[in-house]
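Just so you know, these numbers come straight off a predicted model, no measurement behind them. Residue numbering restarts at 1 for every chain, and letters A, B, ... go by the order of the sequence lines.
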Protein chains: 2
Amino acid sequence: MITLTEENYIKAIYHLSKHGKEMVSTNALAEAMSTKASSATDMVKKLAEKNYVDYKKYQGAILTESGSTIAINVIRKHRLWEVFLVDKLHFSWDEVHELAEQLEHIKSQKLIDKLDAFLGHPTHDPHGDPIPDKHGDFTFIDKITLAQAQINATYKCVGVNDSSSEFLQYLNNNKIELGTKIEVLHKEAFDSSIKIKVNELEMVVSNSVAQNLYIQKT
Amino acid sequence: MITLTEENYIKAIYHLSKHGKEMVSTNALAEAMSTKASSATDMVKKLAEKNYVDYKKYQGAILTESGSTIAINVIRKHRLWEVFLVDKLHFSWDEVHELAEQLEHIKSQKLIDKLDAFLGHPTHDPHGDPIPDKHGDFTFIDKITLAQAQINATYKCVGVNDSSSEFLQYLNNNKIELGTKIEVLHKEAFDSSIKIKVNELEMVVSNSVAQNLYIQKT
DNA sequence: ATAAATTTTTAGATTAGTCTAAAAATTTAT
DNA sequence: ATAAATTTTTAGACTAATCTAAAAATTTAT
Ligand SMILES: [Mn+2]
Ligand SMILES: [Mn+2]
Ligand SMILES: [Mn+2]
Ligand SMILES: [Mn+2]
């Protein structure tokens with residue numbers, strides 16, 4: 001039996017290792033889990049004991065095949081629940097992450113299969129993140145950040161890198177959502193801010209906003 | 001902050017005390033929670049500390065106003081989730097209880113309000129149990145057990161006392177569900193078994209079945 | 001190549017929830 | 001009314017997850 005806390009650590013390791021390829025330091029893990037390094041070390045030892053990670057003292061941890069499967073399943077549940085909350089219960093995209101953090105731990109394969117079908121087998125969550133299918137396969141879409149955009153080209157918004165409610169509410173206030181058309185007008189050399197045209201309106205976004213907004217050529 | 005375990009104990013106390021009116025012994029509580037009396041005693045002390053129950057040594061515990069509010073809210077969530085699982089995800093009524101045991105602990109008032117609206121403000125769950133509204137008020141329906149039925153009268157099934165999957169599957173096998181018409185033909189004096197007519201078919205049910213099936217005059 | 005700074009691990013405590021075994025209180029039976 | 005049986009509480013121990021403080025290993029700077 002796997003505990004809720006173990007699932008959360010495994011998910012954090014997955015994200016920090018960029019889809020399970022790099023070793024994750026206990027310090028980075030502690031930071032991500034808002035806990036102390038000593039706690040992360042203890043947990044990593046336990047996860048190694050249970051064969052969810054390979055762990056070498058002072059080198060960090062990396063998910064095993066079985067750990068990776070668990071991580072992907074938790075992520076699948078998280079994102080499906082987010083779709084449910086937005087599409088069916090009409091929550092706004094900035095409200096669902098914390099709720100999905102709770103719902104992702106509900107244990108029932110049948111529930112998640114039925115939820116998936118009820119939602120029409122969605123491939124992406126409300127933030128544009130891909131939803132792994134029941135075999136754990138993702139459909140990645142070809143995207144860049146607004147910071148990497150070409151001047152005078154036209155794009156549409158396809159996702160966010162930061163899905164904190166602060167950032168999402170900033171986008172709400174500026175009427176930017178998934179699918180919104182963005183024309184790139186100018187890039188300021190001094191601070192890397194970018195002038196764009198959205199919904200017939202010109203505006204300037206900071207580099208930090210541009211780094212967190214994913215776009216795709218139309 | 002209330003823990004998941006505390007919520008489960010509070011809910012058990014609520015049910016054992018018949019809607020919060022009688023004192024509950026630590027032994028009965030331990031039995032209901034599938035744990036030991038010593039654990040129940042410890043928990044009851046903690047709940048008393050937090051003012052969710054009044055507890056007198058050797059006498060048992062009874063919910064306070066605030067404990068009762070928590071119990072009713074957990075029950076509301078449990079039953080709304082059961083409706084969701086049956087009505088929207090097409091689970092069978094014998095599969096949903098265990099899942100609802102997990103879902104009832106998701107913390108978000110807004111979620112439960114929206115779920116309630118999404119389901120059309122249902123008043124009863126898939127087992128015929130009343131769903132408290134957001135103020136904690138139940139709409140009790142007037143029901144008796146099949147064991148209390150009059151001979152030669154006609155009733156409809158409106159609920160179950162035992163919602164274990166074993167009992168519900170017995171009902172499934174005999175095509176008895178909420179709303180099913182039941183004609184009472186004969187009561188056997190020897191073992192209190194009852195001969196009924198359901199779906200044009202005569203059958204005999206044991207007293208233990210009759211005690212667990214709620215019916216209402218048509 | 002040492003020394004200093006940083007990262008990581010270990011040691012020892014703490015809290016929630018559980019258990020077993022034993023003591024205390026209450027209830028039931030004679 | 002006393003003894004026996006039952007119920008309930010207490011004492012002490014265990015596991016999971018966390019923390020602080022200190023020790024050990026690694027990395028960076030001189
Ligand atoms: Mn999320
Ligand atoms: Mn998301
Ligand atoms: Mn139930
Ligand atoms: Mn029910």
Side-chain angles (χ1 to χ4, degrees), chain A residues 1-17 22-63 66-67 70-71 74 101-102 104-107, chain B residues 1-17 22-63 66-67 70-71 74 101-102 104-107:
Chain A
M1 195 69 262
I2 188 161
T3 69
L4 181 149
T5 309
E6 288 168 351
E7 283 190 344
N8 281 333
Y9 272 94
I10 288 171
K11 185 174 57 137
I13 294 169
Y14 180 87
H15 286 311
L16 288 169
S17 71
E22 298 170 18
M23 281 250 166
V24 174
S25 75
T26 49
N27 248 27
L29 185 54
E31 166 78 23
M33 294 296 297
S34 306
T35 185
K36 296 303 162 75
S38 52
S39 303
T41 302
D42 284 349
M43 180 55 77
V44 152
K45 282 178 179 174
K46 184 157 62 125
L47 295 178
E49 194 61 47
K50 294 187 171 189
N51 262 294
Y52 297 133
V53 302
D54 289 325
Y55 167 60
K56 297 273 159 13
K57 258 197 200 184
Y58 293 99
Q59 311 221 148
I62 189 163
L63 292 176
S66 103
I70 288 167
V74 172
E101 287 292 317
Q102 297 183 58
E104 71 188 6
H105 301 292
I106 301 294
K107 282 169 183 52
Chain B
M1 194 71 263
I2 189 161
T3 69
L4 182 149
T5 309
E6 288 168 350
E7 283 190 345
N8 281 333
Y9 271 94
I10 288 171
K11 184 174 57 138
I13 294 169
Y14 181 88
H15 283 130
L16 289 169
S17 71
E22 299 169 17
M23 282 249 168
V24 174
S25 76
T26 49
N27 249 25
L29 184 54
E31 166 78 23
M33 294 297 296
S34 307
T35 186
K36 297 303 162 75
S38 53
S39 303
T41 302
D42 284 350
M43 181 54 78
V44 153
K45 282 179 180 173
K46 184 157 63 123
L47 294 178
E49 194 61 47
K50 293 189 171 189
N51 263 293
Y52 297 133
V53 302
D54 289 325
Y55 167 59
K56 297 273 160 10
K57 259 197 201 185
Y58 293 99
Q59 311 222 147
I62 188 163
L63 292 177
S66 105
I70 288 167
V74 172
E101 287 292 318
Q102 296 182 59
E104 71 189 6
H105 301 291
I106 301 294
K107 281 166 183 56

S.K.: Please, what dot-bracket string fits DNA chain C when only Watson-Crick and G-U pairs with both distances under 3.5 Å count, crossing ones use [ ] and pairs to another strand use |?
M.R.: ||||||||||||||||||||||||||||||
S.K.: Check whether any side-chain nitrogen or oxygen of Ser39(A) sits under 4.0 Å from OP1 or OP2 of dC19(D), and answer yes or no.
M.R.: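 So the side chain of Ser39(A) is within the cut-off, an N or O lying under 4.0 Å from OP1 or OP2 of dC19(D).
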S.K.: Roughly how far, to the nearest 0.5 Å, is CE of Met23(B) from CG of Leu16(B)?
M.R.: 14.0 Å
S.K.: Looking at residues at least two apart in the chain, or sitting in another chain, which of them share a ring-ring contact (aromatic ring centres under 6.0 Å, His included) with Tyr55(A)?
M.R.: none
S.K.: Working to the nearest 0.5 Å, report the span between CD1 of Ile70(B) and OH of Tyr52(B).
M.R.: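 Reported value, rounded in 0.5 Å steps: 4.5 Å.
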S.K.: If the condition is side chain to side chain donor-acceptor pair (under 3.5 Å), which residues does Glu104(B) pass it with, not counting sequence neighbours?
M.R.: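 Partners of Glu104(B) under the side chain to side chain donor-acceptor pair (under 3.5 Å) test: Lys11(B), His78(B).
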S.K.: Can you tell me the distance, in whole Å, between the NZ atom of Lys36(A) and the P atom of dA21(D)?
M.R.: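 Taking atom P of dA21(D) as the reference, NZ of Lys36(A) is at 9 Å.
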S.K.: Below 4.0 angstrom, which residues in residues 4-13 of chain B have at least one non-hydrogen atom near DNA chain D?
M.R.: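 Contacting residues: none.
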S.K.: How does protein contact run along nucleotides 4-10 of chain D, one letter per nucleotide 5' to 3', with B for base contact, S for sugar-phosphate only, - for none, heavy atoms under 4.0 Å?
M.R.: ---SBBB
S.K.: Dump the intermediate steps for side chain to side chain contact (heavy atoms under 4.5 Å, CB included) on Val24(B) and Val53(B), then the final yes or no.
M.R.: CA-CA 10 Å; Val24(B) 174; Val53(B) 302; over 6 Å; no
S.K.: Could you tell me whether a side-chain N or O of Gln102(B) sits under 3.5 Å from a main-chain N or O of Lys107(A), the two making a donor and an acceptor?
M.R.: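 Yes; at least one donor-acceptor contact below 3.5 Å.
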S.K.: Taking everything shown except Glu31(B) itself, do over 12 heavy atoms lie less than 6.0 Å from its CD?
M.R.: no
S.K.: To the nearest 0.5 Å, what is the distance between OG1 on Thr26(B) and CE on Met33(B)?
M.R.: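 It comes to 13.5 Å.
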S.K.: In whole angstrom, what separates Met33(A)'s CE from dC19(D)'s P?
M.R.: 10 Å
S.K.: Please list, chain by chain and in numerical order, all residues satisfying side chain to side chain donor-acceptor pair (under 3.5 Å) with Lys45(B), sequence neighbours excluded.
M.R.: none
S.K.: In whole angstrom, what separates Met1(A)'s CE from dT15(D)'s C1'?
M.R.: 16 Å
S.K.: Locate the shortest heavy-atom distance separating His105(A) from Glu101(A); write the atom from each residue and the value.
M.R.: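 Minimum heavy-atom separation between His105(A) and Glu101(A): CD2-O, 3.0 Å.
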